[in-house]
Amino acid sequence: MITVPVNYYIILSAILFTIGVTGVLIRRNALIIFMSIELMLNASNLAIVAFSSAIKSFSGQIFVFFVIAVAAAEVAVGLALIVEIFKSKRSIDVDQMSSLKG
Amino acid sequence: MSLDLMLFLVLALVAIATAMGMLISRNAVYSALFLVLNFTTVAIFYLLLGAPFIAMSQITVYAGAIMVLFLFVIMLLGADALPKAEVLPWQRPFAIGLAFILAAEATFLLVTKARPTGDILQPADAVNTMDNLRAMGMVLFNDYLLPFEVTSILLLVAMVGAITLNRKEKGARKS
């Protein structure tokens, strides 16, 4: 009883990753850019789980578990940074974050 | 066409549509809600792939914790759309063209070079829940114990960092 080929999952993951890259490239809202990064992490997780199921090993699922934990840490620090930038610039437009001086 | 393939195609369509909705909606709250839907569909893919633990972590951590944090910050900062001001008129079409090239490259390389052979197990076989969870726990706490502990330190550091960044400084604030 064979079902969906692995290649389909890989192609879907590539498409989702590309949508995330496009979001980082064309949006200017820092929050949307951050969500696009989450989408890219998610797409790579999907590819890892698909490969891990294809070779019938648990290692890929363990890696994905660690990636999820790291993503949670990243979101906490990143959102704190965005809030801090908003406090000093009153905007979350990345085009305005062009100076290094706070 | 088998039932599983049809389920996969419908879910893939939903995942791509919600990702595009996240990308193009002007309001940040709608983007966040589209992203929640996208994470949920990906969690269903994990179930289809025979990874129930990852699917549940995906829902609790991503769709639960991370997106709630995003919504808090959106409400804190205001959800109004940014004013339209194109700085570089050629930037958007250029970026979309580059994205298409990236998608073609990634698909070609992953499919031809990585050679993922074989098919995914039937979900009913793969999601043999207790066995799957027990085996995964054994692997996690035998082979990957050190990375597991290091992850806890990483989470602690992130927590301290987030608190330190948003702490009100006593006395005169330098600026």
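These values consider heavy atoms only, across backbone and side chains, with no hydrogens, waters or symmetry-generated copies. For clarity, every value in this text was computed on a predicted model and none was experimentally measured. To find a chain, count down the sequence lines: A is the first, B the second, and so on, and within it residues start at 1.
For a residue to count as touching a neighbouring chain, one of its non-hydrogen atoms must lie under 4.5 Å from one of that chain's; by this rule F94(B) does not touch chain A. In this structure, chain B has heavy atoms under 4.5 Å from both the backbone and the side chain of V77(A). Heavy-atom distances place no part of A43(A) under 4.5 Å from chain B, backbone and side chain included. Within the 4.5 angstrom heavy-atom criterion, only backbone atoms of I24(B) (N, CA, C, O) approach chain A. In this structure, chain B has a heavy atom under 4.5 Å from the side chain of I15(A), while its backbone stays farther away. For F65(A), the parts sitting under 4.5 Å from any heavy atom of chain B are the backbone and the side chain alike. Only the side chain of T151(B) has a heavy atom closer than 4.5 Å to any heavy atom of chain A. If you measure heavy-atom distances from S152(B) to chain A, you find no contacts under 4.5 Å at all. Contact annotation for L31(A): both backbone and side-chain heavy atoms come within less than 4.5 Å of a heavy atom of chain B. Contact of L16(A) with chain B is made through the side chain alone, with heavy-atom distances under 4.5 Å.
Looking only at atom types and distance, the side chain of S59(A) has a donor-acceptor partner in the side chain of Y144(B) under 3.5 Å away.
Looking only at distances, no side-chain donor or acceptor of N42(A) sits under 3.5 Å from a matching main-chain atom of E38(A). Of the possible donor and acceptor atoms, one in the side chain of Q58(B) sits under 3.5 Å from a partner among the backbone N and O of F39(B). Under the 3.5 Å distance criterion, the side-chain polar atoms of S13(A) are left unmatched by any main-chain donor or acceptor of Y9(A). Put simply, the side chain of Q91(B) gets close to the backbone of L25(A): a donor and an acceptor are under 3.5 Å apart.
The side-chain heavy atoms of N166(B) and K87(A), taken from C-beta on, include a pair separated by under 4.5 Å.
Taking every heavy atom of both residues into account, T18(A) and A99(B) meet most closely at CG2-O, 3.0 Å. A pairwise comparison of heavy atoms in S25(B) and R27(A) identifies O-NH1, 3.2 Å as the closest pair.
Each of L156(B), I163(B), V42(B), L76(B) has some count of heavy-atom pairs under 4.5 Å with chain A, and the biggest count is that of V42(B). Heavy-atom pairs under 4.5 Å with chain A were tallied for A106(B), A15(B), A19(B); the largest tally goes to A19(B). In terms of non-hydrogen atom pairs under 4.5 Å with chain A, the most contact-rich of I16(B), L155(B), T164(B) is I16(B). Ranked by heavy-atom pairs shorter than 4.5 Å toward chain A, the options Y46(B), F100(B), F53(B), F148(B) are led by Y46(B). For the set A73(A), A76(A), A14(A), A47(A), the entry with the most heavy-atom pairs within less than 4.5 Å of chain B is A73(A).
In terms of hydrophobic clustering, with Ile, Leu, Val, Met, Phe, Trp and Tyr side chains grouped at heavy-atom distances under 4.5 Å, Y30(B) and V73(B) are assigned to different clusters.
Contacts between residues 64-72 of chain B and chain A, counted as heavy-atom pairs separated by less than 4.5 Å, involve I66(B), L69(B), F70(B).
Results of the side chain to side chain contact (heavy atoms under 4.5 Å, CB included) test with T22(A) over L102(B), I96(B), L98(B) single out I96(B) as the only residue that passes.
The aromatic rings of F8(B) and F45(B) lie tilted to each other, with the angle between the two planes from 30° to 60°.
Other residues, nucleotides and ligands contribute more than 12 heavy atoms inside 6.0 Å of the CZ atom of F86(A). Heavy atoms of other residues, nucleotides or ligands lying less than 6.0 angstrom from CE of M20(B) number 12 at most.
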